[in-house]
Amino acid sequence: MRQQPLDAKLAGISIGAEGLQNEKGSFKHRRDRVHGIGAHAGEPPEIPATAKKATMEEFKALADGKPVKVEIFDFEKPVTTDLVWNWKKASITGKAKVDGKMIDVKTKLTFKGDKACSTPKGEKPSCHTIYIDGNRFYEVRDDMKVHAVSTVG
């Protein structure tokens, strides 16, 4: 099965099918290697057996307007963010640490059926199914691989 590209734009850095890029170069978008929570090189983190597929109302109750620490696993290098998901403003904003540099994040928050989507200006939406386990939520791609793990609070 062909994997869909992750489309997002963070300030002057583009995240898309070709990976993270800025004026100084790029590093590749890698869906076969991850770094971070519960994962080691070559293995994506698993969705815990205790995690429940969330409705968008359950997701909103957990995350709306609260600080969220995020680890994104779809890249060759780690990407960590401190974000706020805001339903009223239909936005996801905050800061991201990409390749050791801090950048501003601002993207549109939308929903497509039972999926939450981030849609950077001029880009296609990147949508994920949400699984909740306590104060953590998992953004899961259609191929059931974890895109990101977020901790609320």
Side-chain angles (χ1 to χ4, degrees), residues 1-11 13-17 19-20 29-99 102-121 123-153:
M1 177 168 92
R2 186 167 185 252
Q3 295 177 357
Q4 296 297 314
L6 170 66
D7 294 315
K9 188 163 272 195
L10 305 174
I13 297 181
S14 299
I15 302 176
L20 291 174
H29 184 196
R30 294 281 308 265
R31 292 185 187 265
D32 61 332
R33 295 193 71 189
V34 295
H35 308 270
I37 297 173
H40 32 263
E43 295 180 32
E46 296 290 326
I47 303 167
T50 53
K52 176 184 176 250
K53 184 176 176 182
T55 66
M56 290 303 100
E57 284 304 312
E58 291 169 325
F59 181 40
K60 179 180 180 181
L62 174 66
D64 188 19
K66 300 171 188 162
V68 178
K69 293 199 174 294
V70 184
E71 289 192 58
I72 302 172
F73 299 99
D74 282 338
F75 303 103
E76 186 176 271
K77 295 184 181 182
V79 176
T80 57
T81 65
D82 290 307
L83 301 175
V84 174
W85 295 59
N86 188 309
W87 270 248
K88 187 175 181 178
K89 294 181 180 178
S91 67
I92 304 168
T93 58
K95 301 277 185 188
K97 187 174 185 180
V98 180
D99 203 18
M102 294 301 290
I103 60 171
D104 291 323
V105 176
K106 184 173 182 181
T107 188
K108 183 177 176 183
L109 172 62
T110 60
F111 302 94
K112 185 176 181 180
D114 63 349
K115 295 180 182 179
C117 307
S118 63
T119 310
K121 189 176 182 178
E123 300 286 333
K124 293 180 182 178
S126 176
C127 302
H128 300 97
T129 302
I130 305 297
Y131 287 79
I132 295 175
D133 187 29
N135 70 333
R136 281 196 173 160
F137 64 90
Y138 296 75
E139 296 176 61
V140 180
R141 302 187 322 237
D142 288 339
D143 64 3
M144 294 305 293
K145 302 253 186 205
V146 173
H147 155 71
V149 177
S150 301
T151 305
V152 178

Which heavy-atom pair separates [X] from [Y] by the least distance, and what is that distance?
X: Val70; Y: Ala148; answer: CG1-CB, 3.9 Å
X: Tyr138; Y: Glu46; answer: CE2-O, 4.2 Å
X: Val84; Y: Pro67; answer: CG2-CA, 4.3 Å

pair [X]-[Y]: side-chain heavy atoms closer than 4.5 Å:
X: Arg141; Y: Asp74; value: yes
X: Asn135; Y: Thr151; value: yes
X: Met102; Y: Lys97; value: yes
X: Lys95; Y: Asp104; value: yes
X: Lys53; Y: Val140; value: no
X: Asp142; Y: Lys115; value: yes

Let me confirm one number: the [atom1]-[atom2] distance from [X] to [Y], rounded to the nearest 0.5 Å.
X: Glu123; Y: Lys108; atom1: CD; atom2: NZ; result: 13.5 Å
X: Thr107; Y: Ile92; atom1: OG1; atom2: CD1; result: 5.5 Å
X: His128; Y: Ser118; atom1: NE2; atom2: OG; result: 7.0 Å

Q. Who are the side-chain contact (heavy atoms from CB on, under 4.5 Å) partners of Leu62, not counting sequence neighbours?
A.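 Listed in chain order: Ile132, Phe137, Val152.
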task: Could you list the residues that satisfy side-chain contact (heavy atoms from CB on, under 4.5 Å) with Met56, not counting sequence neighbours?
output: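 Listed in chain order: Phe59, Phe111, Ala116, Ile130.
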Scan Val68, Thr93, Asp64 and name whichever one has a side-chain contact (heavy atoms from CB on, under 4.5 Å) with Trp85.
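Only one option passes, and that is Val68.
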Item checked: Sole residue of Val105, Leu109, Leu83, Asn86 in side-chain contact (heavy atoms from CB on, under 4.5 Å) with Ser91 ->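 Filter result, single survivor: Asn86.
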Problem - Neighbour count >12 (heavy atoms, 6.0 Å) for atom NZ, Lys66 - result: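 Counting other residues, nucleotides and ligands, NZ of Lys66 exceeds 12 neighbours.
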query: What disulfide bond (SG atoms under 2.5 Å apart) pairs are there with at least one residue in residues 124-153, not counting sequence neighbours?
result: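 Applying disulfide bond (SG atoms under 2.5 Å apart) to every pair that reaches into residues 124-153, excluding sequence neighbours, yields Cys117-Cys127.
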